[in-house]
Undergrad: 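Let me give you the structure first, and then I'll get to my questions.
Fair warning: this is a prediction, and the values are worked out from it, not measured in the lab. Chain identifiers are assigned alphabetically (A, B, ...) following the order of the sequence lines, protein sequences preceding nucleic acid strands; residue numbering begins at 1 within each chain.
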Number of protein chains: 2
Amino acid sequence: MRRPTIVDIARVAGVSKGAVSYALNGKPGVSERTRQRILDIARDLGWAPSGPARALSPGGRVGAVGLVVDRPAHALGVEPFFMQLVSGIEAELTVAGVDLVLHVTEDQEAELAAYRRWAAERRVDGVILVDLRVDDPRVGEVEELPLPAVVLGGPEGAGGLPCLHSDEAAAMREVVRYLAALGHRGIARIAGPEGFRHTRDRTRAFRAAAEEAGVARTRTVHADYTGEAATRATRRLLALAERPTALVYDNDLMAVAGLGVAREMGVDVPSQLSIVAWDDSVLCGLVRPSLTAIVRDTVSSGREAARMLLGRVAGDGVVSRQAPPGELHPRASTGPLAP
Amino acid sequence: MRRPTIVDIARVAGVSKGAVSYALNGKPGVSERTRQRILDIARDLGWAPSGPARALSPGGRVGAVGLVVDRPAHALGVEPFFMQLVSGIEAELTVAGVDLVLHVTEDQEAELAAYRRWAAERRVDGVILVDLRVDDPRVGEVEELPLPAVVLGGPEGAGGLPCLHSDEAAAMREVVRYLAALGHRGIARIAGPEGFRHTRDRTRAFRAAAEEAGVARTRTVHADYTGEAATRATRRLLALAERPTALVYDNDLMAVAGLGVAREMGVDVPSQLSIVAWDDSVLCGLVRPSLTAIVRDTVSSGREAARMLLGRVAGDGVVSRQAPPGELHPRASTGPLAP
DNA sequence: CGTGAAAGCTGAACCGGTTAAGAACGCGGC
DNA sequence: GCCGCGTTCTTAACCGGTTCAGCTTTCACG
């Protein structure tokens, strides 16, 4: 049984295929009676529009958008962020009947190649850029391509692309003030890779917030979001003569790793060390002590980013927006210092 | 600047577009000289084949395959399994120039709708089915559809679809023997949802292995892979009069949750309770004590499944295969019972 | 009753490829 | 000199939609 086409519908209805096209797309050009008859026949035949055929027509859309994730596979596995983001994006795309094409790359060059290929072969109608870097080559490249895009991050460094940015500084202030109020005067931050824009934003915000809150000793060390790197970094920090009394991690996985190191080194959490995770997932609630975390609504960000991209693809004027800032959810891993 | 098409190439080369098509596809019908000239021109113009146009031709392929993940978003976030699987699939697809379309659904009906839509609208060339269920409606449905598919799981219940199955029984035997050797005589298993085929396979294997190893008291309770469900189940098990001395969890996230409960209830791991996780991720190595786990090479399974699907799409006769069984990696969460 | 406009529909071109059928050509053999 | 054949290329149809130009038919209006 061949897929039915509009020609089959036209034959049954006794009209031309042009008329069928008008009827099915709700465009003027056919009478209401005829339209209804054609719709009924289409339903009876189980007709569905051919994606490739639609895309081929002048001005046609492919009905898919792309997302490239450029992080090593093993790191990705346990990063709740991406799957949450994907669910959010998906939720929004599904109602529009648009598919999500996902690509996992090992380096940035491969990521750029993916965008170029998608544009050249017309595989997607647009892309969402995540993990904005300092001097990110993707922005310029994608702007050149006939490929609508929105950036999750920014607004600095997003070039002319509309972006969904979040106020990292506000959340950071909340964290630092909270820790300062608990009596902490030595706070270290185990950050993500230095190359990421949001890492740099947070680092700046961290310093500013610490100064404002009167926290004398701060320090930022960089890791790569993996547990191993966080383990090494935490060991070094806890071995310092004047060791920090509070640690802020740039993702929850690293915070879990830090918790393990503290345990291993006999440093009690939270009486001797407070730990804060940036980004919350079920993980934070499962480990003991449970982790205080900055909670962002990643699913909603995904939805919003998808919505913006669909707008761009449709040709609407899309403006950058701000996502609600993360909120601090105190749990068992933070507290006042034991005397 | 419009995307160049083969007509542009034909014009520059002074030949017909048919000749260009033959040349670009390595088919006979043009001289070697002409072919080379056409290839050079194509490169100079930056030509790339239009996906939609290719797909539209009779017998044409879309150049994409689909994967539906039917698990709640929050559970998915931290499940390393899927992202690992996706990376593996991706790695194989990329070399073939095929894209991966990912869809996250909230229920099985939505999943079925996705397959139907993909087939009807020709959005993908084939699909990979994961999380095979007992009496899975997807198998019959997809077999009816003009949509090549392979199953990750089985072989029972995969119907006529080729599958990549793993020997759950072998791994289960290894776990049970190991725990029995450590002196455990009461082993409980916190399994995934009863509806999953692999859950049932493991449950059967668990009973058989326990009998074989002389483990008298066994018990399987079902959870849904989330930390919350595992927390509840673990609490109940540890509150039993004759409480089990070893717990086997069907994924690593639940094992982490179980570890938290043990801690909370003052049950020491591993001296009073041993914990085994099925599926290993960085998580298992990060928590304290680190978790003994069954390690499967999920990335390779993804690669293999993708390879099989590409074979099916190409029309090759693809036969079911067995993935290498999981292996037990003992860590700190298992040990002999304290006297 | 003639005229103009709007409604409703048809025919054909077009998107960018693939491919079957056929034409032009050179060449060897008889 | 003619025939048959293989090579190389062209022509045209086809995939399944969209859309524009134009042709009827109907109908209101003067």
Undergrad: With no hydrogens and no angle check, is any side-chain donor or acceptor of A:R303 less than 3.5 Å from a backbone partner on A:I89?
TA: no
Undergrad: Angle between ring planes, B:W118 versus B:Y115, binned at 30° and 60°: parallel, tilted or perpendicular?
TA: perpendicular
Undergrad: Surrounding CD of B:E144 (heavy atoms of other residues, nucleotides or ligands, distance under 6.0 Å), is the total greater than 12?
TA: no
Undergrad: Looking at residues 55-62 of chain B, who's got a heavy atom less than 4.0 Å off DNA chain D?
TA: B:L56, B:S57, B:P58
Undergrad: In this structure, are over 12 heavy atoms from other groups packed under 6.0 Å from B:D107 atom CG?
TA: yes
Undergrad: Could you check if a side-chain atom of A:R296 sits within less than 4.5 angstrom of a side-chain atom of A:S301, using non-hydrogen atoms only?
TA: no
Undergrad: What nucleic acid atoms does A:A48 come within less than 4.0 Å of, heavy atoms only: base, sugar-phosphate, or nothing?
TA: sugar-phosphate
Undergrad: Taking the side chain as every heavy atom from C-beta outward, state whether A:R61 and A:R54 have any atom pair closer than 4.5 Å.
TA: no
Undergrad: Which is the 5'-most and which the 3'-most nucleotide of DNA chain D that has an atom under 4.0 Å from a heavy atom of chain B?
TA: D:dT8 to D:dG16
Undergrad: Taking N or O atoms only and anything under 3.5 Å, show me the protein contacts with nucleotides 10-13 of chain C, one pair per line.
TA:
residue : atom : partner : partner atom : Å
C:dT10  : OP1  : A:S16   : N            : 3.4
C:dT10  : OP2  : A:S16   : N            : 2.6
C:dT10  : OP2  : A:S16   : OG           : 2.9

Undergrad: Roughly how far, to the nearest 0.5 Å, is CZ of A:R35 from CD1 of A:I38?
TA: 8.5 Å
Undergrad: Just wondering, do A:D131 and A:F82 contact through their side chains at under 4.5 Å, heavy atoms?
TA: yes
Undergrad: Quick one: B:K27 NZ to C:dG17 P, roughly how many Å, whole number?
TA: 15 Å
Undergrad: Using the rule side-chain contact (heavy atoms from CB on, under 4.5 Å), only one of B:V20, B:L24, B:I9 pairs with B:L39; which is it?
TA: B:L24
Undergrad: Quick one: B:L24 CG to C:dG17 P, roughly how many Å, whole number?
TA: 9 Å
Undergrad: Touch check for B:S21, heavy atoms < 4.0 angstrom, all strands: base, sugar-phosphate only, or nothing?
TA: base
Undergrad: Take A:V62 and A:R123, measure what side chain to side chain contact (heavy atoms under 4.5 Å, CB included) needs, and give me the verdict at the end.
TA: CA-CA 7 Å; A:V62 175; A:R123 311 301 282 240; 5.9 Å; no
